[in-house]
Amino acid sequence: MTDEVRWSPATADEEIEPDLRAAFAREIGGAPDGVWAAPGRINLIGEHTDYNGGWCLPFALAHRTYCAVRTRPDGRLRAVSRQAPGQAWEGEVDQIRTGSPGGWVAYVAGVVAILAQRAGGPVGADILVDGRVPVGAGLSSSAALSCSGALALAELVPGLAAVDRAELAQVCVRAENDYAGAATGGMDQTVSLRAVDGHALLVDCDDFSLTPVPWTLPGHEVLVIDTRAHHSLADGQYAARRSTCERACRSLGVASLRELHGADVDEVLGRLEGDGEAQRRVRHVLSENTRVLDLVAALGQEDAEEVGRLMVASHVSLRDDYEVSCRELDLAVEAARQAGAAGARMTGGGFGGSALALVRRGDVEDVAAAVHEAFLAEGLQAPHLLQATPSAPAHRLS
Ligand code: GLA
């Protein structure tokens, strides 16, 4: 326990790069062909809508995962992480399978395996990773990992020159779904690769078309509260939410809940009578889609109060209808609101991870301190705080 509010600042690209090149020389040998970075994200609103063909509104963080990469001609992959000493992996790319290799390497190996198929010839690489997105915080450190490696290979391997960022995002989704065994829906990889600096990204997950939305609440900051809670039921619960939505689609005779946007919600729920669980999940998804579009409109009006109201409504829906919140997230939201935040909500998949608070610029320190105190008063470990500003997508440093 500590009395100090603990901040997790982003590290500047210029600070990381020389260090990473030196580590590459030491741990792998020689120089990389280049260094790439891909960001983590927060999602302002639109949770558990991506795999239902709906809308979400993420933006890229300045916290990034870095990788130094050198291609090799022998179709082998060597992957080393500065955060996982002793867990380096080396093997044949055409032997990479679901769960083998496992752990953090699966996110990189899956991408390399899929891109090798796409290139139609052997692809091999030496990759050194340095992850600066907090892990387990619901801020998409895994997408930052897969996207940084994917962009590096797409830019280095001549046979991948035609792969654009939209396709690359889908490659990363497949790597996570098919190789790492994470049923992720596409929002995280899309924003990591296709974010627009200074903007939130309205993602239409029906076809992954994008509308950059300027961040028009200049007097306000997004404070991220990493609760440092991770409930182990999370992974199975995510897949369970997806399958309940699929069951609801079958009962309703639609391919995706997106088809019901604008429909009479009570009438739709009436058709799910007898399946209370599906009713609650569908009510969340349909109402959340509407909230995303309303929040974009409120941003256009620079209406911080309405943005805050919609964030709170989203949290309540995720807590009560989608049932993916937890004690720590509810406490973070409640404490931030009591300390004067215009709005607050959980962000990401849930069951731990982070909450967001929309806070007037001059109040950031006070709200952070109040949330910190509230956690200690409940006997919980101190949260980590970070300030989120809409930042650049994945890019090459050198
Ligand atoms: C996780 C997944 C995303 C999305 C969110 C919930 O972050 O990776 O695809 O489904 O949960 O909105």
Side-chain angles (χ1 to χ4, degrees), residues 38-61 63 65 106-107 110 133-147 169-195 200-206 208 210 224 226-227 229-231 233-246 256-258 281 284-289 291-292 295 310-311 314-315 317-319 321-326 329 345-356 388:
R41 60 102 190 92
I42 57 110
N43 184 23
L44 286 166
I45 198 161
E47 221 65 83
H48 290 276
T49 49
D50 60 352
Y51 55 82
N52 286 304
W55 288 274
C56 53
L57 190 67
F59 70 65
L61 292 170
H63 299 66
T65 290
Y107 292 86
V133 181
V135 172
L139 301 175
S140 285
S141 61
S142 46
L145 174 59
S146 56
C147 292
Q170 293 309 317
V171 167
C172 294
V173 173
R174 275 180 56 208
E176 297 199 23
N177 290 175
D178 299 348
Y179 289 85
T184 169
M187 163 173 73
D188 310 340
Q189 300 79 3
T190 298
V191 67
S192 188
L193 284 161
R194 302 174 70 195
L201 204 61
L202 177 63
V203 185
D204 181 342
C205 300
D206 197 27
F208 286 92
L210 309 179
V224 180
D226 169 9
T227 65
H230 179 72
H231 298 288
L233 74 175
D235 304 341
Q237 290 294 325
Y238 186 90
R241 295 299 178 282
R242 280 191 83 144
S243 73
T244 302
C245 291
E246 284 157 17
S256 151
L257 293 180
R258 168 58 175 272
R281 309 302 186 239
H284 166 71
V285 172
L286 298 187
S287 62
E288 185 79 346
N289 277 329
R291 281 188 290 272
V292 175
L295 193 143
L310 289 162
M311 289 172 73
S314 169
H315 184 77
S317 178
L318 286 157
R319 185 191 66 198
D321 276 348
Y322 221 66
E323 298 177 278
V324 289
S325 188
C326 63
L329 288 168
R345 59 179 292 274
M346 54 162 280
T347 194
F351 300 107
S354 296
L356 310 175

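Note that these values count all heavy atoms, side chains included, but never hydrogens, waters or copies made by symmetry. Order of listing sets the numbers, starting from 1, for every ligand and every atom in it.
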side-chain contact (heavy atoms from CB on, under 4.5 Å) assessment of Arg242 paired with His48: CA-CA 8 Å; Arg242 280 191 83 144; His48 290 276; over 6 Å; no
Stepwise side-chain contact (heavy atoms from CB on, under 4.5 Å) check, Thr227 with Met346: CA-CA 10 Å; Thr227 65; Met346 54 162 280; over 6 Å; no
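Taking the six-membered ring for Trp and thresholds of 30 and 60 degrees, Tyr51 and Tyr238 have ring planes more than 60 degrees apart, a perpendicular arrangement.
At the shortest separation from atom 4 (C) of ligand 1 among protein heavy atoms lies Asp50 OD2, 3.3 Å. For atom 7 (O) of ligand 1, the closest non-hydrogen atom on the protein side is Arg41 NH2, 3.0 Å. Nearest protein heavy-atom contact of atom 5 (C) of ligand 1 is Met187 CE, 3.8 Å. The shortest contact between atom 2 (C) of ligand 1 and any protein heavy atom is with Tyr238 OH, 3.4 Å.
In terms of polar-atom proximity, defined here as any N/O pair under 3.5 Å, Thr184 does make such a contact with ligand 1. Any N or O atom pair closer than 3.5 Å counts here, and Gly348 shares no such pair with ligand 1. Not a single N or O atom of Asn43, backbone or side chain, sits closer than 3.5 Å to an N or O atom of ligand 1. Residue Glu47 has at least one N or O atom closer than 3.5 Å to an N or O atom of ligand 1. Residue Ser140 places no N or O, backbone or side chain, under 3.5 Å from any N or O of ligand 1.
When each atom of ligand 1 is checked for a heavy atom of Gly349 under 4.0 Å away, the hits are 1 (C), 7 (O), 11 (O). Interface of Tyr51 with ligand 1, defined as ligand atoms under 4.0 Å from a residue heavy atom, comprises 10 (O). In the vicinity of Gly186, heavy-atom distances shorter than 4.0 Å reach the ligand 1 atoms 9 (O).
In Glu176, neither the side chain nor the backbone holds a heavy atom less than 4.0 Å from any atom of ligand 1.
For Arg281 and Thr244, the side-chain atoms include no donor-acceptor pair closer than 3.5 Å. Judged purely by distance below 3.5 Å, without hydrogens or angles, the side chains of Arg241 and Gln237 pair a donor atom with an acceptor atom.
Residue contacts with ligand 1 leave out Gln189, since none of its heavy atoms falls under 4.0 Å from the ligand.
Residue Asp188 forms a side-chain hydrogen bond (donor to acceptor under 3.5 Å, both in side chains) with just one option from Ser140, Ser146, Ser142, and that option is Ser140. Shown are Asn43, Leu201, Leu44; of these, the side-chain contact (heavy atoms from CB on, under 4.5 Å) with Phe59 is made only by Leu44.
Judged by a 6.0 Å distance limit and a 45° cone about the ring axis, Arg291 is not positioned over the six-membered ring of Trp55.
The line from CG of Leu318 to NE2 of His315 is 7.5 Å long, rounded to the nearest 0.5 Å.
The option from Asp188, Thr190, Ile45 that lies nearest to atom 8 (O) of ligand 1, judged by heavy atoms, is Asp188.
The minimum heavy-atom distance between Ser141 and Thr65, with the atom names listed, is O-OG1, 4.2 Å.
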